[in-house]
Amino acid sequence: MSAVMTDQARPQEREDVVLKPISWRWPVVYGVLTLAALLFFTLLPNLEGDTIYQLSKAGDLFEIPNIAVPAALTNWLLVALMAVLTGLVTWLTSRRRDVGRWTHIVFGIAFVLTFLTYVGAGRATVIPLTTLLSGALALSVPLVFGALCGVVCERSGIVNIAIEGQLLGGAFLAAVVGSLTSSAYLGMIAAPIAGALVGVLLVFFAVRYWVDQIIVGVVLNVLVVGVTSFLFSTVLTEDKATWNANQRLPELPIPLLSEIPVIGPVLFRQTLLVYIMYAAVILLQIFVFRSRWGLRMRAVGEHPKAADTVGIKVNRTRVVNTIFGGAIAGLGGAFFTVGSGLAFGKEMSGGQGFIALAAMILGKWNPTGALAAALLFGFSKNLGNVLSTIGSTVPSEFLLMLPYAVTIFAVAGFVGRVRAPAAENIPYIK
């Protein structure tokens, strides 16, 4: 009898299923970008001659000659590929199926190549792809460390607006210690201490006195800017040779791998700081989602009361992770001085901490996602630098605003709906 009733109920249950509304965000984004590439990079400009791409540099394992491609034909083929991908994404969306990451990557590469081909059409200068990618990675280093700091802190329930100050503090201490000891490596080791100290102040007011974390973060940024600017104007400027001499981390090329054209110089001819960045992304991705430490960290960031009931020390977990996150950001700050071979300058972090926050959000509080977002911002910034170098006709004002425009469009359009950890900026009071 019960079996008969169960069978009769099934059709009714199927009728009660409500399908989730279809999101047409990706088809719209793909369609707009394809149309823009068709109009502005293919149809409207007068594409004549070839675009020359440079793939290898001196010192590579084998040399790849420059590649000259017919600009008009290349852009038509790339736009056709983008149109096909747009159709594919539209079909997948209509069937409520997920769009794979590789689709986004291929589409993004096609769009960028369309733009580069348009820029270099008929010009005697080459488009240096290796230089473009190397510079993008270099500019991404502080963004990656800053975004990783944000992931660790906010997954623990602490909003860290002070990343900008932690980057600047790390740059300052790295320059001073590196100059005093004449060792860039010791400067790099000292940098996390500055970031951790800023983290101590943040967590002291946020956890001990329940002050709004956003306000504390903003105040700490101003404090670090004031302290470092004062010391720069007094101590560092008066005796630059002792306190603020240029120190630079040497490149550590990995044998054979560093000689592979294109990817070799980009990925494997870097300083120790960049290799640490690779390791930090991989280890954090594993530990945040596959370890007891990560489970506890996410628990206090999502539901601290439930975490407390199973014996997790909520506030102690937040304190430890916030200081650890600050140390990560401080290490990233070393890039501005010993990582780049520059002396310390006032406010030299230049707002990178806030872009790192945007990268964290775009990466959905995930280490690998934050890495991808930081690389996007770094590439957009270096693209402007490279195009200015080769004498592009694209207005310089447009190139300067490019990374910030990408930041706005990325956060507003590409990321879609994101949800921050539920308990962030909420003090835990027993």
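Predicted model only: the values in this text are computed from it and were never measured. Heads up: numbering here begins at 1 and tracks the sequence.
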Answer yes or no: is there a donor N or O on one side and an acceptor on the other, between the side chain of [X] and the main chain of [Y], under 3.5 Å?
X	Y	value
Asn425	Gln213	yes
Thr322	Val203	no
Arg123	Thr51	no
Asn382	Leu132	yes
Arg269	Ser258	yes
Tyr53	Thr117	yes

Quiz: residues 339-354 side-chain donor-acceptor pairs under 3.5 angstrom, not counting sequence neighbours:
{"residue": "Ser340", "atom": "OG", "partner": "Phe335", "partner atom": "O", "Å": "2.6"}
{"residue": "Lys346", "atom": "NZ", "partner": "Ser233", "partner atom": "OG", "Å": "3.2"}
{"residue": "Ser349", "atom": "OG", "partner": "Glu164", "partner atom": "OE2", "Å": "2.6"}

I need the minimum non-hydrogen distance between [X] and [Y], along with the two atoms involved.
X	Y	result
Val177	Leu186	CG1-O, 3.7 Å
Ala194	Gly170	CB-N, 3.8 Å
Met277	Leu137	CE-CD1, 4.0 Å
Gln270	Tyr278	CG-OH, 4.1 Å
Pro128	Gln54	CB-OE1, 3.6 Å

About how many Å separate [atom2] of [Y] and [atom1] of [X], when rounded to the nearest 0.5 Å?
X	Y	atom1	atom2	value
Cys153	Asn321	SG	CG	8.0 Å
Leu371	Leu376	CG	CG	11.5 Å
Ile426	Asp212	CD1	CG	11.0 Å
His104	Leu85	NE2	CG	10.5 Å

State which residues pass side chain to side chain donor-acceptor pair (under 3.5 Å) with Ser179; sequence neighbours excluded, sorted by chain then number.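 Listed in chain order: nothing, the list is empty.
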Quick one: list whatever passes salt bridge (charged side-chain N to carboxylate O under 4.0 Å, His left out) with Glu302, sequence neighbours left out.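 Partners of Glu302 under the salt bridge (charged side-chain N to carboxylate O under 4.0 Å, His left out) test: Arg419.
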With a cut-off of 3.5 Å and sequence neighbours excluded, list every side-chain donor-acceptor pair involving residues 216-225.
{"residue": "Asn221", "atom": "OD1", "partner": "Gly165", "partner atom": "N", "Å": "2.8"}
{"residue": "Asn221", "atom": "ND2", "partner": "Ile161", "partner atom": "O", "Å": "2.9"}
{"residue": "Asn221", "atom": "ND2", "partner": "Gly217", "partner atom": "O", "Å": "3.4"}

Could you work out, with ring-ring contact (aromatic ring centres under 6.0 Å, His included) as the rule, every residue matching Phe230, not counting sequence neighbours?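 If we apply the ring-ring contact (aromatic ring centres under 6.0 Å, His included) test to Phe230, skipping adjacent residues, there are no hits.
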Below 3.5 Å, can you tabulate the donor-acceptor pairs from side chains in residues 33-49 to any protein atom, sequence neighbours excluded?
{"residue": "Thr34", "atom": "OG1", "partner": "Tyr30", "partner atom": "O", "Å": "2.7"}
{"residue": "Thr34", "atom": "OG1", "partner": "Thr86", "partner atom": "OG1", "Å": "3.1"}
{"residue": "Thr42", "atom": "OG1", "partner": "Ala37", "partner atom": "O", "Å": "3.1"}
{"residue": "Asn46", "atom": "ND2", "partner": "Glu48", "partner atom": "OE2", "Å": "3.2"}

